[in-house]
Amino acid sequence: MSHPELANRFVEDGERAQWHDRSLWYVRAKRDRAAHAIPEWERLRELAAAIKANVRANLADYLERFEAEARKHGAVVHWAEDAAAHNQIVWEILRSRSVTRVVKSKSMLTEECGLNPFLEQRGLEVVDTDLGERIVQLRDEPPSHIVLPAIHLRKEEVGELFERELGTEPGLSDPARLTEAAREHLREKFLAAQAGITGVNFAVAETGGIVVCTNEGNADLGTALPPLHIACMGIEKIVPRAADLAVFTRLLARSATGQPITAYTSHMHGPRAGGELHIVIVDNGRTGMMARESYRQSLGCIRCGACLNTCPVYRRSGGYSYEAVIPGPIGSTLGPGRDPARHASLPYACTLCGSCADVCPVKIDLDRQLFHWRSDLVTSGLSSPRKRRASRLASLIMRHPRLYRAVAKLARVVAARAPGATSAVLSGWTVSRDLPEIPQRSFREQLEDLGDE
Amino acid sequence: MSDRAGILARLRAVAVEATPLPELAGDWTTSTDPAAWFGDVLASVGGDCRAVADHRALAAGVEQLCRKLAATRVVSEVDGVAGALGAGEGGGSVAPSEVQLAIVRGEWAVAENAAVWVSDAMVTERATLFLSEHVALVVDRERLLSNMHEAYERIDVAACRFGAFISGPSKTADIEQALVIGAHGPRSLTVFLVG
């Protein structure tokens, strides 16, 4: 289904839609306070963008360096062309060590690859340990936000879920007590796990280390307890130098939730004593993205979610209306990059207000990309037929001044005699807003009158 | 072609405009009173900063904390503190999941975000930092820095298998954005600034 159709469903419950909007605006406001508290904020964004640009230009070299350094620390490095190869590699590692119980911390990459269902089909228990992720996993739903996976749910719904799944008392809706119940439930899972799977926030080329950021400490428990750690990363997670982490750790949490840094920013160089560390480096369409110049910058994304929180469309339509692993402005450019036909409506889920690009900590030109996608989709015949007809008609009229004047005159006459007619033509636009009153005389006519005087 | 060779070949086939790696040195925000700054930020992320004059005052502060938390299963990895308490030494006598309070040395502290750098070298078992009900970190005041740039200049992150910046206790806001302290890990984090 297209974004407008799914968004329509979301806004049917007006009260919930407004609550969703307010929740995200609250996070956006926290981000603003955190950003404004740092006088050098804009300088940091510029540095982050420059580092990411340098990474894109030298990514093959950096990946080789990272691999060599990581191996020196005792990590095993794997490379995966696509999601299927990634899942197969992870499965082989787990199967050959007879692992049946896995704890996972948040990783949008493994969501993208569909790792959980793949492992579950093979009889493994895979437990997401981030609280929000665990909630949506128990509901058999994907995350609706990349940083706040359960932002679409009310506490009462979480209470009902926990009553059913964890046996908490009926009617419980206090976030502190629900979190406590999840803590006990997940503590057992941590202690029983045979392997921990994590994502990677940053991979440092010069040292071969990986950095994982969480607030809950779930990635740390998941890697400190079981002997086997598998870290999955997209090729774009590279930063050249350890010192670059200063720039990114200053930007990431402030942009995401308005915190000065995540509670835990963990650096791992090699496996823990007596354990194993496997790093899986995944392409899955990223080299293709690199080849398209107009969209290349989106590879710099550090998955902070700031563009989602600020987006007027995301806030009012919810994560599921995008039907993509990553929703919001960044998802609306990544989605079509992966499958233009399937995600053709996403670049239109945008008012081109540019707020996303303004808050992006790595200065991705998101609004420009979404605009560019529209022209690409029209050129490749993937935009909706109605939009194409409308664009062709508008183009024809705009290119012929006399025709333009005649049509404008006709519109004014029709509007004066039958006010409902123009609204009918623009039915999609006028569902929830009125057209401004159309003046009886055009600007040109009024100007000519002035000239006569 | 292997997946590795394919990925690298595709990346090298794309001509991306070369741009230099930027210099990171800069006029980054510092403070004349980093201890006050650190304390304020730590409080804002749910932690508690205690300034103590010397190691004797530290021992007294830790004892007071133990009483406040009613903690009897205490593990100390800081010289001079464990003895005073008669608690387990080196984390060996109490299983990490049973520890009520772990006292660990932090190597550096950063004022702008109340982060304390703790590495493998400071703990017998890494899990202690995350499984304990409460954690106290001990940092020398002279190792308090203003910002993350200063921290990464001084820390060799690759020197240890594991090192983490820890800023406040474990937390989550995943249910209706309501902040809850003590998600999976410690329910409180106290930092003793010594000196």
Side-chain angles (χ1 to χ4, degrees), chain A residues 23 26 38-40 43 47 50-51 53-54 56-57 59-60 63 79-81 85 131-132 135 148 150 154-155 158 175-176 178-179 183 186 191 207 209 215-218 220-221 224-225 235 240 242-243 245-247 249-250 259-261 263-270 272 283 287 290-291, chain B residues 2-4 6-8 10-14 16-22 24 26-29 41 44-45 97 112-115 125-127 129-131 147-149 151-153 157-158 160-178 180 182-186:
Chain A
S23 302
Y26 166 74
I38 303 284
E40 56 259 36
R43 169 104 202 280
L47 278 176
I51 294 166
N54 174 271
R56 285 192 293 276
L59 189 50
L63 283 167
W79 300 70
E81 170 100 20
L131 176 58
I135 291 168
L148 318 160
R154 314 292 300 244
K155 55 183 190 277
V158 178
L178 290 168
T179 302
R183 176 186 169 106
L186 287 165
L191 292 169
T207 69
N215 276 320
E216 300 180 5
N218 53 321
D220 297 294
L221 280 170
L225 295 171
I235 54 172
L245 293 170
V247 175
T249 55
R250 295 189 80 190
Q259 294 170 253
I261 189 169
Y264 300 100
T265 304
S266 302
H267 304 55
M268 293 168 232
H269 287 82
R272 68 190 177 90
D283 180 348
T287 50
M290 184 73 98
Chain B
S2 71
D3 285 16
R4 179 185 188 277
I7 291 169
L8 294 174
R10 283 195 297 281
L11 287 174
R12 292 202 162 104
V14 178
V16 179
E17 190 196 347
T19 56
L21 202 48
L24 301 178
D27 188 15
W28 305 115
T29 301
V41 179
S44 78
V45 297
S97 59
E112 69 155 316
N113 53 17
E125 219 172 319
R126 194 192 298 181
L129 288 167
F130 309 102
L131 276 175
N147 58 56
M148 291 301 279
H149 308 282
Y152 279 106
E153 253 168 50
V157 293
C160 287
R161 289 165 183 269
F162 178 85
F165 285 105
I166 298 179
S167 171
S170 158
K171 59 180 77 65
T172 183
D174 275 348
I175 302 175
E176 283 204 12
Q177 284 302 298
V180 180
H184 294 299

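A quick note: this is a predicted structure, and the numbers were derived from the prediction, not measured. Throughout, a chain's letter reflects where its sequence line sits, starting with A, and its residues are numbered from 1.
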Seminar exercise, completed: Whatever's closer than 4.5 Å to a heavy atom in chain A on B:Glu17 counts as backbone

Problem set entry | Approximate separation, where rounding is to 0.5 Å, of B:Phe130 CZ and A:Asp220 CG | 3.5 Å

Problem set entry | Heavy-atom contact with chain B under 4.5 Å, split by part of A:Leu59 | both

Problem set entry | Atom pair CD (A:Glu216) and CG (A:Leu221), whose distance is rounded to the nearest 0.5 Å | 10.5 Å

Seminar exercise, completed: Counting heavy-atom pairs under 4.5 Å with chain B, the top scorer among A:Ala150, A:Gly217, A:Gly270, A:Ala176 is A:Ala176

Exercise. Which bit of B:Val45 comes within less than 4.5 Å of chain A, counting heavy atoms only: side chain, backbone, both or neither?
Worked result: side chain

For this session: Name the option with the most non-hydrogen atom pairs under 4.5 Å to chain A; the candidates are B:Gly6, B:Pro20, B:Ala18.
Result: B:Pro20

Problem set entry | Segment of A:Pro240 engaging chain B (4.5 angstrom heavy-atom cut-off) | side chain

For this session: Flag the one option from B:Ala164, B:Pro22, B:Gly185 with the top tally of heavy-atom pairs under 4.5 Å to chain A.
Result: B:Pro22

Problem set entry | Expected output: side-chain A:Arg272 to main-chain B:Arg161 donor-acceptor under 3.5 Å | no

Exercise. Does any heavy atom of chain A fall under 4.5 Å from the side chain of B:Val14, the backbone, both, or neither of them?
Worked result: side chain

Exercise. Counting heavy-atom pairs under 4.5 Å to chain B, which of A:Lys155, A:Arg154, A:Met268 comes out on top?
Worked result: A:Lys155

Problem set entry | When A:Ala291, A:Ala263, A:Pro39, A:Ala224 are compared by non-hydrogen pairs under 4.5 Å with chain B, the top option | A:Ala263

Problem set entry | Residue, of A:Asn218, A:Leu225, A:Leu131, A:Thr249, that accumulates the most heavy atom pairs under 4.5 Å with chain B | A:Leu131

Exercise. For B:Ala183, does its backbone N or O pair with a side-chain atom of A:Thr179 as donor and acceptor, under 3.5 Å?
Worked result: no

Seminar exercise, completed: dist A:Leu178:CG -> B:Asp174:CG (nearest 0.5 Å) comes out at 12.0 Å

Problem set entry | B:Tyr152 portion near chain A, given a 4.5 angstrom heavy-atom threshold | side chain

Exercise. When rounded to the nearest 0.5 angstrom, what distance separates CG in A:Leu148 from CD in B:Gln177?
Worked result: 5.0 Å

Problem set entry | Residue among A:Arg183, A:Arg43, A:Glu81, A:Gln259 with most heavy-atom pairs under 4.5 Å to chain B | A:Arg183

For this session: Go through A:Thr207, A:Val158, A:Leu47 and name the one with the most non-hydrogen pairs under 4.5 angstrom from chain B.
Result: A:Leu47

Exercise. Quick check: does any side chain N or O of A:His269 sit under 3.5 Å from a backbone N or O of B:Val157, one acting as donor and the other as acceptor?
Worked result: yes

Exercise. Any donor and acceptor pair, going by atom type alone, linking the side chain of B:Thr172 with main-chain N or O of B:Val180 inside 3.5 Å?
Worked result: no

Exercise. Top residue by heavy-atom pair count (under 4.5 Å) with chain A, among B:Met148, B:Arg126, B:Glu176?
Worked result: B:Glu176

Problem set entry | Interface moiety of B:Ala127 toward chain A, non-hydrogen atoms closer than 4.5 Å | both

Exercise. Side chain, backbone, both or neither: which part of A:Leu63 has a heavy atom under 4.5 Å from chain B?
Worked result: side chain

Problem set entry | Distance in Å, B:Phe165 CZ paired with A:Leu245 CG, rounded so as to fall on 0.5 Å steps | 8.5 Å

For this session: Give a yes or no answer on whether the side chain of A:His267 reaches the backbone of B:Gly163 with a donor-acceptor pair at less than 3.5 Å.
Result: yes

Problem set entry | Side chain, backbone, both or neither of B:Pro186 within contact of chain A (heavy atoms, under 4.5 Å) | both

Problem set entry | Any donor-acceptor pair under 3.5 Å from B:Asn147 side chain to B:Thr29 backbone | yes

